[in-house]
Undergrad: 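Just passing along the structure, written as structure tokens.
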Amino acid sequence: MNILLATGNAHKKSELAAIFSGHSIAIPEDLGLPFDVEEHGMTFLDNSMLKAQALWDLLKERSIPGSWAVIADDSGLVVPALGGAPGIYSARYGSDVYGRMLESPERNRYLLEQLGGITDRRAFFVCCMSLIKDDYVHYTVQETIEGTIIDKEIGSGGFGYDPVFYIESYGMTAAQLDPELKNSISHRGKAGKQIAKLL
Ligand code: ITT
């Protein structure tokens, strides 16, 4: 099946391409589609469905030939000791303070500053993934992976908050995991597996 991913994040694309390896994967850029949707929802669910619907509408509006399924993923890091932050604002965390989008290492430093003096380091990643196969055939699943936030970045794999997200049962950060292993246990990997079954 042809799958169009509602993302501009290259790391997500490569993780999702591995999860949906039996299918042909494209992102809007590959089809020359100008896809930039404002994520104004209040939950991962809102934003995931909003991105999927916006891309589905665009696909139809442009009459792109072929039979397509659209998949969107809204994800982020939730830290209970910070009241759930960065949560749905994970990609933009700290940008209100700095007046610009931060690079991942800067964002991780900002997160560690916010956690200064806090001993409860529990955190989890959330991934809400939506599939649209037809105007009236929509599916959404949401998954998590638990970990703790450590005081410095370790590892060079993955992306975003992976270097500060430590997974107890593997004794390493998400950035130290082999990509295949990350995909088999992560929030995105678990959600993707459910969506793959629905495909
Ligand atoms: P798209 O909306 O274009 O897909 P995005 O990066 O803006 O790309 P989100 O709105 O879903 O995606 O924001 C997710 C942010 O949460 C992402 O930029 C990372 O900072 C963080 N994040 C999500 N999944 C992650 C993972 O597996 N590892 C590390 N950080 C992750």
Side-chain angles (χ1 to χ4, degrees), residues 3-19 25-30 33-55 58 70-79 82 84-95 101-112 114 123-131 140 142-150 153-167 170 172-193:
I3 297 177
L4 185 58
L5 300 174
T7 186
N9 179 326
H11 293 278
K12 276 191 188 179
K13 183 192 174 187
S14 68
E15 289 191 6
L16 292 168
I19 294 167
I25 304 288
I27 56 172
E29 201 186 327
D30 301 330
L33 292 172
F35 182 66
D36 184 19
V37 56
E38 196 200 328
E39 298 178 25
H40 55 67
M42 295 309 291
T43 63
F44 291 108
L45 175 69
D46 288 345
N47 285 333
S48 171
M49 287 172 39
L50 175 155
K51 286 192 241 186
Q53 187 67 56
L55 187 55
L58 187 61
V70 163
I71 292 177
D73 145 6
D74 196 56
S75 48
L77 178 74
V78 174
V79 182
L82 296 177
I88 57 168
Y89 304 110
S90 290
R92 303 166 252 172
Y93 195 44
S95 59
M101 290 288 278
L102 302 184
E103 299 293 329
S104 291
E106 297 176 304
R107 218 167 27 233
N108 287 337
R109 265 198 306 278
Y110 180 73
L111 172 69
L112 296 181
Q114 302 308 300
F124 51 94
F125 278 120
V126 178
C127 173
C128 187
M129 198 178 287
S130 299
L131 162 69
T140 294
Q142 187 163 299
E143 278 287 359
T144 61
I145 178 174
E146 290 178 12
T148 50
I149 304 300
I150 54 170
E153 293 195 325
I154 303 180
S156 54
F159 69 101
Y161 299 96
D162 281 343
V164 292
F165 188 83
Y166 181 79
I167 305 165
Y170 288 87
M172 18 180 150
T173 67
Q176 291 176 293
L177 297 177
D178 174 79
E180 220 172 289
L181 179 57
K182 182 184 172 192
N183 258 348
S184 71
I185 61 168
S186 77
H187 51 315
R188 185 168 301 100
K190 289 193 279 186
K193 250 180 254 161

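Each ligand, and each atom within it, is numbered from 1 in the order the structure gives.
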Undergrad: Find all atoms of ligand 1 within a distance of less than 4.0 Å from any non-hydrogen atom belonging to Gly8, and give their numbers and elements.
TA: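 So the answer, numbered in order with elements, is 3 (O).
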
Undergrad: For Asp73, counting its heavy atoms only, list the atoms of ligand 1 lying under 4.0 Å from any of them.
TA: 11 (O)

Undergrad: Among all protein heavy atoms, pick the one closest to atom 8 (O) of ligand 1 and tell me residue, atom and distance.
TA: Asn9 CB, 3.5 Å

Undergrad: Has Gln114 got a side-chain atom pairing as donor or acceptor with Leu111's backbone, closer than 3.5 angstrom?
TA: no

Undergrad: Nearest protein heavy atom to atom 30 (N) of ligand 1, by residue and atom, and its distance?
TA: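 Checking every protein heavy atom, the shortest distance to atom 30 (N) of ligand 1 gives Tyr161 N, 3.2 Å.
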
Undergrad: Please state which part of Phe125 comes within less than 4.0 Å of ligand 1, counting heavy atoms only: side chain, backbone, both or neither.
TA: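 Side chain only.
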
Undergrad: Are any of the heavy atoms in Gly158 under 4.0 Å away from ligand 1?
TA: no

Undergrad: In Å, rounded to the nearest 0.5 Å, how long is the span from NZ of Lys190 to CD of Gln142?
TA: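 If we round to the nearest 0.5 Å, Lys190:NZ and Gln142:CD are 12.0 Å apart.
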
Undergrad: Could you tell me the separation between the CG atom of Leu4 and the CG atom of Leu33, rounded to the nearest 0.5 Å?
TA: 6.5 Å

Undergrad: Could you check if a side-chain atom of Phe125 sits within less than 4.5 angstrom of a side-chain atom of Arg188, using non-hydrogen atoms only?
TA: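 No - every pair of side-chain heavy atoms lies 4.5 Å or more apart.
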
Undergrad: Any heavy atom of His11 sitting closer than 4.0 Å to ligand 1?
TA: no

Undergrad: Could you check atom 10 (O) of ligand 1 against the protein and tell me its nearest heavy-atom contact, residue, atom and distance included?
TA: Glu39 OE1, 3.0 Å

Undergrad: Identify whether the distance between the nearest side-chain nitrogen and carboxylate oxygen of Asp30 and Lys13 falls below 4.0 Å.
TA: yes

Undergrad: Tell me, which protein residue and heavy-atom name are nearest atom 25 (C) of ligand 1, and how many Å apart are they?
TA: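 The closest one turns out to be Phe159 CZ, 3.4 Å.
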
Undergrad: Starting from atom 11 (O) of ligand 1, find the nearest protein heavy-atom neighbour and note its residue, name and distance.
TA: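 Answer, as residue, atom name and distance: Lys12 NZ, 2.8 Å.
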
Undergrad: Taking the side chain as C-beta and beyond, is there a heavy-atom pair between Tyr166 and Ile154 under 4.5 Å?
TA: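 The answer is no; the side chains never approach within 4.5 Å.
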
Undergrad: CD/Glu39 to CG/Asp46 distance, rounded to the nearest 0.5 angstrom?
TA: 11.0 Å

Undergrad: Give the atom numbers and elements of ligand 1 that come within less than 4.0 Å of a heavy atom of Asp74.
TA: 9 (P), 10 (O), 11 (O)

Undergrad: Which ligand 1 atoms are under 4.0 Å away from a heavy-atom of His187?
TA: 24 (N), 25 (C), 26 (C), 27 (O)

Undergrad: Looking only at protein heavy atoms, which one is nearest to atom 4 (O) of ligand 1, and how far off is it?
TA: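 Nearest protein contact, heavy atoms only, for atom 4 (O) of ligand 1 is Thr7 OG1, 2.6 Å.
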
Undergrad: Which atoms from ligand 1 have a heavy atom of Arg107 less than 4.0 Å away?
TA: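 Those atoms are 20 (O).
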
Undergrad: Note the single closest protein heavy atom to atom 13 (O) of ligand 1, along with its residue, its atom name and the distance in Å.
TA: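 Going by distance alone, atom 13 (O) of ligand 1 is nearest to Ser75 O, 3.4 Å.
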
Undergrad: Suppose we measure from atom 28 (N) of ligand 1 to each protein heavy atom; which comes out shortest, and what is that distance?
TA: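 Checked against all protein heavy atoms, atom 28 (N) of ligand 1 sits closest to Asp162 OD1, 2.7 Å.
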
Undergrad: What atoms of ligand 1 come within less than 4.0 Å of a heavy atom belonging to Lys182?
TA: 26 (C), 27 (O), 28 (N)

Undergrad: Starting at CE of Met129, measure out to CG of Leu45 and round the result to the nearest 0.5 Å.
TA: 13.5 Å

Undergrad: With side chains defined as the heavy atoms from C-beta onward, is the minimum distance between Phe35 and Leu58 less than 4.5 Å?
TA: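 Of all side-chain heavy-atom pairs linking Leu58 with Phe35, at least one is under 4.5 Å.
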
Undergrad: I'd like to check which ligand 1 atoms, numbered from 1 as shown, lie under 4.0 Å from a non-hydrogen atom of Gly160.
TA: 29 (C), 30 (N)

Undergrad: What do you reckon, is OH of Tyr110 surrounded by more than 12 foreign heavy atoms closer than 6.0 Å?
TA: yes

Undergrad: Would you please determine whether Leu77 falls within less than 4.0 Å of ligand 1 on a heavy-atom basis?
TA: no

Undergrad: Side-chain donor-acceptor pair under 3.5 Å between Ser75 and Asp73, yes or no?
TA: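 Yes, side-chain donor-acceptor contact under 3.5 Å.
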
Undergrad: Counting neighbours of CG on Asp178 that are heavy atoms of other residues, nucleotides or ligands and sit closer than 6.0 Å, is the number greater than 12?
TA: yes

